[in-house]
Amino acid sequence: MSKQKITPVDQELTFSPDEIIVSKTDPTGKILYANDVFCRLAEMNTSDVVGQPHSIIRHPDMPRAVFKLLWDSIGSGREIFALIKNMSATGKYYWVVAHVTPSRDGAGKVLGYHSNRRAPNRASVQEIIPLYQELKAEEAKHTDRRAGLEASFALLQSKLKATGKSYDEFIWGVGGSNV
Ligand SMILES: Cc1cc2nc3c(=O)[nH]c(=O)nc-3n(C[C@H](O)[C@H](O)[C@H](O)COP(=O)(O)O)c2cc1C
């Protein structure tokens, strides 16, 4: 399934507060397992999802800086909470609050990653949208992709510094989750 062919549509998919979207990946972010709620929201079959990079559900509205933060955290062994707008196979969007953690073997070696996602509350989504739009706009200002990511990441850091919170704390501060 090629991500490039999907055109985003302005239609939201929602899920119940007691449902959890689960996926497990290898160390590169390739999906090894996705539960039925994941597949329902992604509008894909298990066979479309397993073996694909996690960016298969990436929404173009998401700033790259947020994924850099995610990978910086889990790559150095730390868990992260993130508010993410995802895209289904028909281009619809769905917001999640994700808890992403490294999975380790008995000796502590990272075998891959695990993400549990719940439905965020509406207020947290409304509060994060302008920040993500600002980060996207910063990324779009630069013709050089790397320079765009660096500038957007620096902007995210300065915004967080102003609040005195880490990204996770900020996510919980804006409401985080229904849980
Ligand atoms: C366990 C795990 C869960 C992830 N969940 C998502 C997700 O829900 N949506 C998403 O767009 N990216 C998710 N990612 C990040 C993707 O691997 C990727 O970095 C992101 O989609 C940006 O893709 P791009 O670098 O091709 O732009 C996840 C990564 C891991 C390891």
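All ligand and atom numbering here is 1-based and tracks the order in the structure.
Given atom 19 (O) of ligand 1, the protein heavy atom at minimum distance is Trp71 NE1, 2.8 Å. In this structure, atom 12 (N) of ligand 1 lies nearest to the protein heavy atom Phe67 CE2, 3.3 Å. For atom 7 (C) of ligand 1, the closest heavy atom belonging to the protein is Asn86 OD1, 3.5 Å. If you check which protein heavy atom lies closest to atom 26 (O) of ligand 1, you get Ser55 CB, 3.7 Å. In this structure, the protein non-hydrogen atom closest to atom 13 (C) of ligand 1 is His54 ND1, 3.8 Å.
Each of Glu138, Glu139, Lys68, Arg64 was scored for a side chain to side chain donor-acceptor pair (under 3.5 Å) with Ser152, with one residue passing: Glu139.
The two atoms that bring Lys136 and Asp61 nearest to each other are CG-O, 3.2 Å, heavy atoms only. Closest heavy-atom contact between Arg104 and Val110: NH1-CG2, 3.5 Å. Minimum interatomic distance between Asp48 and Ile56 (heavy atoms only, all atoms of both residues): O-CD1, 3.5 Å.
Side-chain contact between Phe15 and Arg40 is present, with heavy atoms from C-beta onward closer than 4.5 Å. In this structure the side chain of Met87 reaches within 4.5 angstrom of the side chain of Pro8, judged on heavy atoms.
Cation-pi geometry between Lys165 and Phe170 is not satisfied (NZ or CZ under 6.0 Å from the ring centre, within 45° of the ring normal).
A salt bridge links Glu134 to Lys159: at least one charged side-chain nitrogen sits closer than 4.0 Å to a carboxylate oxygen. One finds a salt bridge joining Arg122 and Glu12 here, because a Lys/Arg side-chain nitrogen approaches an Asp/Glu carboxylate oxygen to under 4.0 Å.
Closer than 4.0 Å to atom 23 (O) of ligand 1 lies at least one heavy atom of the protein.
For ligand 1, the atoms lying closer than 4.0 Å to a non-hydrogen atom of Ser115 are 1 (C), 3 (C). The distance from ligand 1 to the heavy atoms of Val100 drops below 4.0 Å at these ligand atoms: 1 (C), 2 (C). Atoms of ligand 1 found under 4.0 Å from any heavy atom of Ile57 (numbered from 1 in listed order, with element): 7 (C), 8 (O), 9 (N). Heavy-atom proximity to Ile84, at under 4.0 Å, picks out these atoms of ligand 1: 9 (N).
At least one heavy atom of Arg117 sits closer than 4.0 Å to an atom of ligand 1. Ligand 1 lies out of reach of Ile21, whose nearest heavy atom is not under 4.0 Å from it.
Under 4.0 angstrom from ligand 1, the non-hydrogen atoms of Ile74 all belong to its side chain.
Inclusion of Arg58 in the set of residues having an N or O under 3.5 Å from an N or O of ligand 1 is warranted. No N or O atom of Thr25 sits closer than 3.5 Å to an N or O atom of ligand 1.
Criterion: ILVMFWY side-chain heavy atoms under 4.5 Å apart, direct or through other members. Under it, Val100 and Phe67 are part of a common hydrophobic cluster.
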